[in-house]
Protein chains: 2
Amino acid sequence: MGKLVTEMLKGTLEGIVLAILSVRPAYGYEITAWLRDQGFSDIAEGTIYALLVRVEQRGLVDVEKVPSEKGPPRKVYSLNAQGREYLEEFWRTWSFLAERLEQLRKGGKQS
Amino acid sequence: MGKLVTEMLKGTLEGIVLAILSVRPAYGYEITAWLRDQGFSDIAEGTIYALLVRVEQRGLVDVEKVPSEKGPPRKVYSLNAQGREYLEEFWRTWSFLAERLEQLRKGGKQS
DNA sequence: TACCAGTACTTAGCAACGCAGAATAGTGCG
DNA sequence: CGCACTATTCTGCGTTGCTAAGTACTGGTA
């Protein structure tokens, strides 16, 4: 898509990735491919990897190196307890923002 | 609120302000006060002003200087045709993102 | 053997955005 | 005169996603 999505992803992409990991563990390459499949067509490879490093350093995920048959070993990330707490907080913040936005959208329609 | 909101506002705050201006013209100080009232308790003064300068330079809004009884003249911004088009695009992008997020939230709940 | 595509991760430099904090300017009130 | 409120501007900073390139491992093909 365009620049608009890129800017909107700042702050939400992290939550998106953590939400994915809350369903089941996954590794960077896999997450990138899945996101592209879901319509985030120009998510940059490096973006996801950098994000994963960040959330790992903040202690929100656990990592396990798993050998791959098709290339270098995968770094499989899984959401830990702290990560789940953080994800809760993310959803609360998202809800807050989404509510205001929806109200604004309604308000603008009538005029 | 916290750091989470700050990051999420990147990319959405612009749309929020344009949406406000789509209802009626307004000036920076007024917009800041209104947002704080709506729960964006720690929106920085300077943030709104900088944003307004940006959208003006991109030709999305028209500006008119209006004298104030209580201080320096106000810069009253109003959304123009190009701005309305841009706002439409913003809403489309927002919808796209909001849909994926809601799906992820549902998906995460079951596990 | 040499090469290439696919898988998988890393790194360096860049641009955009919101925030912190201070400065400037105008009005009215004690 | 000083202070609070109104109203805008500016500099420097941290975070985030993107671009672009590089590394590493496997399997298939010419």
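Residue numbering restarts at 1 for every chain, and letters A, B, ... go by the order of the sequence lines. From a predicted model like this one, the values you see are computed outputs, not experimental measurements.
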Point to revise | Test item: A:Thr47 side-chain N/O and A:Ile43 main-chain N/O as donor-acceptor pair under 3.5 Å | key: no
Taken to the nearest 0.5 Å, the spacing of B:Glu85 CD from B:Leu79 CG works out to 10.5 Å
Contacts of B:Ser95 meeting side-chain hydrogen bond (donor to acceptor under 3.5 Å, both in side chains) (sequence neighbours excluded), chain-then-number -> A:Arg105
Students should find that the end-to-end axis angle of the helix from C:dT1-D:dA30 to C:dG30-D:dC1, with five pairs defining each axis and rounding to 10 degrees, is 20°
Span of DNA chain D engaged by chain A, first through last nucleotide within the 4.0 Å heavy-atom cut-off, is D:dT16 to D:dT26
Joining Ile, Leu, Val, Met, Phe, Trp and Tyr whenever any side-chain heavy atoms lie under 4.5 Å apart, the cluster holding B:Tyr49 also takes in B:Tyr27, B:Tyr29, B:Val66, B:Val76
Report each atom pair, protein N/O against N/O of nucleotides 15-18 of chain C, whose distance is under 3.5 angstrom.
| residue | atom | partner | partner atom | Å |
| --- | --- | --- | --- | --- |
| C:dA16 | N3 | A:Lys10 | NZ | 3.0 |
| C:dC17 | OP2 | B:Arg54 | NE | 3.3 |
| C:dC17 | O2 | B:Lys10 | NZ | 3.4 |
| C:dG18 | OP1 | B:Leu9 | O | 3.0 |
| C:dG18 | OP2 | B:Arg54 | NH2 | 2.7 |

Could you tabulate the donor-acceptor pairs under 3.5 Å formed by side-chain atoms of residues 53-61 of chain B, not counting sequence neighbours?
| residue | atom | partner | partner atom | Å |
| --- | --- | --- | --- | --- |
| B:Arg58 | NH1 | B:Tyr86 | OH | 3.4 |
| B:Arg58 | NH2 | B:Glu14 | OE1 | 2.6 |
| B:Arg58 | NH2 | B:Glu14 | OE2 | 3.3 |

Close N/O contacts between protein and nucleotides 4-8 of chain C (under 3.5 Å):
| residue | atom | partner | partner atom | Å |
| --- | --- | --- | --- | --- |
| C:dG6 | N2 | A:Lys70 | O | 3.3 |
| C:dT7 | OP2 | A:Tyr29 | OH | 3.0 |
| C:dA8 | OP1 | A:Ser68 | OG | 3.0 |
| C:dA8 | OP1 | A:Arg74 | NE | 2.5 |
| C:dA8 | OP1 | A:Arg74 | NH2 | 2.4 |
| C:dA8 | OP2 | A:Tyr27 | OH | 3.1 |

Taken to the nearest 0.5 Å, the spacing of B:Arg92 CZ from B:Leu87 CG works out to 10.0 Å
Taken in chain and number order and not counting sequence neighbours, the residues that satisfy side-chain hydrogen bond (donor to acceptor under 3.5 Å, both in side chains) with A:Trp91 are none
Sorted by chain and residue number, the side-chain hydrogen bond (donor to acceptor under 3.5 Å, both in side chains) partners of A:Glu30 (sequence neighbours excluded) come out as A:Arg24
Residues passing the side-chain contact (heavy atoms from CB on, under 4.5 Å) test with A:Gln38, sequence neighbours excluded, are A:Trp34, A:Phe40
Contacts of A:Thr6 meeting side-chain contact (heavy atoms from CB on, under 4.5 Å) (sequence neighbours excluded), chain-then-number -> none
Residues at least two apart in sequence or cross-chain that pass side-chain hydrogen bond (donor to acceptor under 3.5 Å, both in side chains) with B:Lys75, listed by chain then number, are none
One should read off an interatomic distance between B:Phe90 CZ and A:Leu101 CG, to the nearest 0.5 angstrom, of 5.0 Å
